[in-house]
Amino acid sequence: MYHIKTFNKISPAGLNKLDREVYTVSDSEGNEDGILVRSAKLLDYQFPRNLLAIARAGVGVNNIPIDRCSESGVAVFSTPGANANAVKELVLCAMLLSSRDVEGASNWVRSQAAAGVDVTTVVEKGKSAFVGPELYKKTVGIIGLGAIGALVANVCLSLGMDVYGYDPFLSVDAALRLDRHIHVVKDVNELYRRADYITPHIHFTEKTLHFIDAEAISNMKRGVRVLNFARGQIVDDEAMLAALETGKVSWYVTDFPNNQLLQSRRVIPMPHLGASTPESEQNCAVMAVDELTDYLETGNVRNSVNLPPVNFPRSGVMRLCVIHRNIPAMLANITRLLSKDGVNVANLSNKSRDAYAYTVVDLDTRIDHTVVDDVKALDGVIRVRVIE
């Protein structure tokens, strides 16, 4: 029986997938094998010794101590693509808001009524202050062509826009999702020079901190509209405010507002609405539960942020799962210990991700605790688990 601890409120669509003969679900602490979480901060959370995995119902994992999880042999999962459609739709909304000043126009009409004016007598004259461009035949630049970026690119193309994309880590699967009419460039500055709208869809890391800074903005067209539904830290707030002041950037729409940004009337703030739809929450919960249960029951890894992907069907009578450091001869040392005890290997997988690696071995015969202890004792081994 596995104990799953939940933080926040996890959609019933996901929790209902848990077989209650195999899993207990509660918010109690101390003996959890797995954790389901949305936005709750786990940075200072004390992991119980038997914690095996954390599944984040969402994409951003800055609320989870990834390094500490890796050192403890705790797999961390996210749900890329589960909220992609929700974010895509809000990006389209933001493009329209920043083009037509819908918020300003609506507030002006209400202010006229509040002042006692018959709005029907002033709207025709007043509307000239809110004139803005159409999206049709404009150029949009999309930084990051993953699950969200690809959807944004394709829908913008369907609106008659010229679409440029930049992604130095573009995968084959992501490339196949893109319409052939999308211009994928190798230099982000080419995108900056062409785009009337720029929308980043990249993860926040040390390398993407202030990805859009003063230098990046200097390479953009004057009057560009910038949309940020990725992470606040990707854009340098001070550089953005300076660009808004000079008109280099005409509007900045962000899903990550702060008091500093609200100094500018050219900032359209949203309260982190990107994935705030019931459909998105359901999709994320279902995907997180599927990833968590697959790992607990089979050892397979899908969409982990700290372990390499491993996904193959069980064979043999027992599966040995080993999380270890990515160092030479580890696989040879593991198989040497197994062969010393006359254990036949039915199938195996060994993959690495940065400083860590994951080895899964299906065995034709059962092994006892002494063999497992020998594997645990190998230099560089972080965690060993047996699944029967």
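Just so it is clear, the values below take in all heavy atoms, side chains as well, and ignore hydrogens, waters and symmetry mates. Predicted, not measured: the structure shown is a model, and the values here were computed from it.
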Among Val310, Ile387, Asn347, find the residue that satisfies the side-chain contact (heavy atoms from CB on, under 4.5 Å) test when tested with Val360. Val310
Can you name the one residue among Ile202, Leu191, Leu145, Ile142 that meets side-chain contact (heavy atoms from CB on, under 4.5 Å) with Tyr166? Leu191
Atom pair [atom1] ([X]) and [atom2] ([Y]), whose distance is rounded to the nearest 0.5 Å:
X	Y	atom1	atom2	answer
Asn63	Asn8	CG	CG	8.0 Å
Ser218	Asn189	OG	CG	8.0 Å
Gln233	Ile212	CD	CD1	13.0 Å
Asp213	Asp236	CG	CG	6.5 Å

Look at atom [atom1] of [X] and say whether more than 12 heavy atoms of other residues, nucleotides or ligands are closer to it than 6.0 Å.
X	atom1	answer
His203	NE2	no
Asp67	CG	no
Arg49	CZ	no
Asp44	CG	no
Arg110	CZ	no
Asp379	CG	no

Answer with yes or no whether the hydrophobic clustering places Leu157 together with Tyr164; edges join I, L, V, M, F, W, Y residues whose side-chain heavy atoms lie under 4.5 Å apart. no
Start with the C-alpha distance between Glu297 and Arg314, add both sets of side-chain angles, then the distance that settles salt bridge (charged side-chain N to carboxylate O under 4.0 Å, His left out), and finish with yes or no. CA-CA 10 Å; Glu297 295 175 24; Arg314 286 278 304 270; over 6 Å; no
Apply side chain to side chain donor-acceptor pair (under 3.5 Å) to His272 and Asp255, showing your working. CA-CA 5 Å; His272 205 178; Asp255 212 17; 4.8 Å; no
Closer than 4.0 angstrom, basic N to acidic O: yes or no for [X] and [Y]?
X	Y	result
Lys17	Asp290	yes
Lys138	Glu134	no
Glu291	Arg56	no
Arg266	Glu245	no
Arg225	Asp196	no

For the residue pair Ser78 and Val305, what are the closest heavy atoms and their distance? OG-CG1, 3.8 Å
Please give me the minimum heavy-atom distance between Leu92 and Cys156, naming the atom from each residue. CD2-SG, 4.4 Å
Quick check with a 6.0 Å cut-off and a 45 degree axis cone: is Arg68 positioned over the face of Phe47's six-membered ring? yes
Is the charged tip of Arg385 near the ring of Tyr295: under 6.0 Å from the six-membered ring centre and within 45° of its axis? yes
